Undergrad: 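Would you mind keeping the following structure in view while I ask a few things?
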Amino acid sequence: MQIRVKCSCGEHNCPEWAIVELQGVIEPQPAFQNRLQNLEIGQLCRPSSQETYTFTVGYHELTGSKIPLKKPLLVLKKTRDSDAENVEHEPSSKVELEVIGIIRQRILFKTRPKALISRQQPFVKERASAPGSLVPN
């Protein structure tokens with residue numbers, strides 16, 4: 001089987017992508033279990049330098065660094081060749097792969113997340129009454 005790979009963006013004009021590598025597992029809430037496509041899980045920022053990144057997920061902040069890959073990877077989109085339909089209108093086995101991006105970097109988050117606390121919760125002290133005491137509840 002022959003698979004054609006085509007690139008319409010040019011050799012040096014392909015969009016740059018990056019791999020985000022996390023240690024551990026990101027588990028969505030049960031309400032989002034069946035709708036994972038295009039689900040926003042956090043905010044990725046580059047605060048000061050080109051090499052340091054922060055990734056905020058809920059109340060957790062991870063700090064990572066950009067690392068170049070040894071060999072670049074291509075991001076491909078699978079398409080069927082529309083000209084190769086036969087007379088019985090059955091889909092053909094000819095497949096084309098279109099280059100939609102290239103990955104040359106990965107952003108590695110290998111440290112434990114830092115807990116973010118936006119404001120301090122008010123401390124309420126409850127009265128504990130011992131059995132037989134005269135303090136009303």
Side-chain angles (χ1 to χ4, degrees):
M1 176 196 229
Q2 182 181 14
I3 299 175
R4 289 184 39 203
V5 178
K6 65 178 184 176
C7 182
S8 59
C9 55
E11 186 177 334
H12 298 289
N13 296 330
C14 283
E16 288 280 333
W17 289 39
I19 295 175
V20 176
E21 186 176 332
L22 303 170
Q23 305 296 317
V25 178
I26 295 179
E27 294 181 3
Q29 295 177 350
F32 296 107
Q33 200 70 29
N34 296 328
R35 298 179 282 147
L36 292 179
Q37 189 173 3
N38 297 327
L39 179 66
E40 185 177 316
I41 59 171
Q43 185 173 14
L44 181 66
C45 296
R46 187 180 62 212
S48 58
S49 71
Q50 293 282 341
E51 303 300 319
T52 304
Y53 287 81
T54 60
F55 186 47
T56 306
V57 179
Y59 294 108
H60 303 284
E61 183 179 82
L62 296 116
T63 303
S65 57
K66 183 176 17 173
I67 300 171
L69 294 175
K70 291 179 183 177
K71 292 183 179 180
L73 300 171
L74 292 178
V75 181
L76 303 172
K77 180 180 175 184
K78 183 178 177 179
T79 58
R80 298 222 180 258
D81 190 5
S82 60
D83 296 333
E85 299 278 333
N86 59 14
V87 179
E88 292 140 14
H89 301 292
E90 292 180 16
S92 70
S93 61
K94 289 193 176 180
V95 173
E96 287 186 347
L97 297 175
E98 181 181 353
V99 177
I100 59 172
I102 188 165
I103 302 172
R104 291 189 175 103
Q105 315 276 344
R106 71 179 175 151
I107 303 170
L108 177 63
F109 296 96
K110 62 182 179 180
T111 58
R112 289 189 156 286
K114 179 174 73 172
L116 297 176
I117 301 173
S118 58
R119 62 179 183 173
Q120 191 173 16
Q121 298 293 328
F123 180 72
V124 178
K125 193 173 185 179
E126 283 189 37
R127 287 190 203 173
S129 60
S133 67
L134 299 174
V135 180
N137 285 339

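Quick caveat, the model's predicted, so the values are computed rather than measured.
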Undergrad: Determine the minimum heavy-atom distance between F109 and V20, stating which atoms define it.
TA: CE1-CG1, 3.7 Å

Undergrad: Quick check for you: to the nearest 0.5 Å, what is the distance between L116 atom CG and T54 atom OG1?
TA: 9.5 Å

Undergrad: Run the salt-bridge test on K77 and E98 with the 4.0 Å N-O cut-off and return the result as yes or no.
TA: no

Undergrad: Using the test salt bridge (charged side-chain N to carboxylate O under 4.0 Å, His left out), find all partners of K110 that sit at least two apart in sequence or belong to another chain.
TA: none

Undergrad: Less than 4.5 Å apart, any side-chain heavy atom of L44 and any of I107?
TA: yes

Undergrad: What pairs with L69 under side chain to side chain contact (heavy atoms under 4.5 Å, CB included), at least two apart in sequence or on another chain?
TA: I19, L73, I103, R106

Undergrad: Taking all heavy atoms of P113 and all of H60, pick out the closest pair and write down the distance.
TA: CB-CB, 3.9 Å

Undergrad: State which residues pass side-chain hydrogen bond (donor to acceptor under 3.5 Å, both in side chains) with K66; sequence neighbours excluded, sorted by chain then number.
TA: none

Undergrad: Let me see the working for Q23 and L108 under side chain to side chain contact (heavy atoms under 4.5 Å, CB included), right down to the final yes or no.
TA: CA-CA 9 Å; Q23 305 296 317; L108 177 63; 3.9 Å; yes

Undergrad: Rounded to the nearest 0.5 Å, what's the gap from NZ on K114 to OG1 on T56? Could you check?
TA: 9.0 Å

Undergrad: Does K71 have any side chain to side chain contact (heavy atoms under 4.5 Å, CB included) partners at least two apart in sequence or in another chain, and if so, which?
TA: none

Undergrad: Kindly write out the residues that satisfy side chain to side chain contact (heavy atoms under 4.5 Å, CB included) with P15, not counting sequence neighbours, or none if the list is empty.
TA: C9, W17

Undergrad: Looking at residues at least two apart in the chain, or sitting in another chain, which of them share a salt bridge (charged side-chain N to carboxylate O under 4.0 Å, His left out) with E16?
TA: R104

Undergrad: What is the minimum heavy-atom distance between L62 and T111, and which atoms define it?
TA: CD2-O, 3.9 Å

Undergrad: Heavy atoms, side chains only, cut-off 4.5 Å: are F55 and L22 in contact?
TA: yes

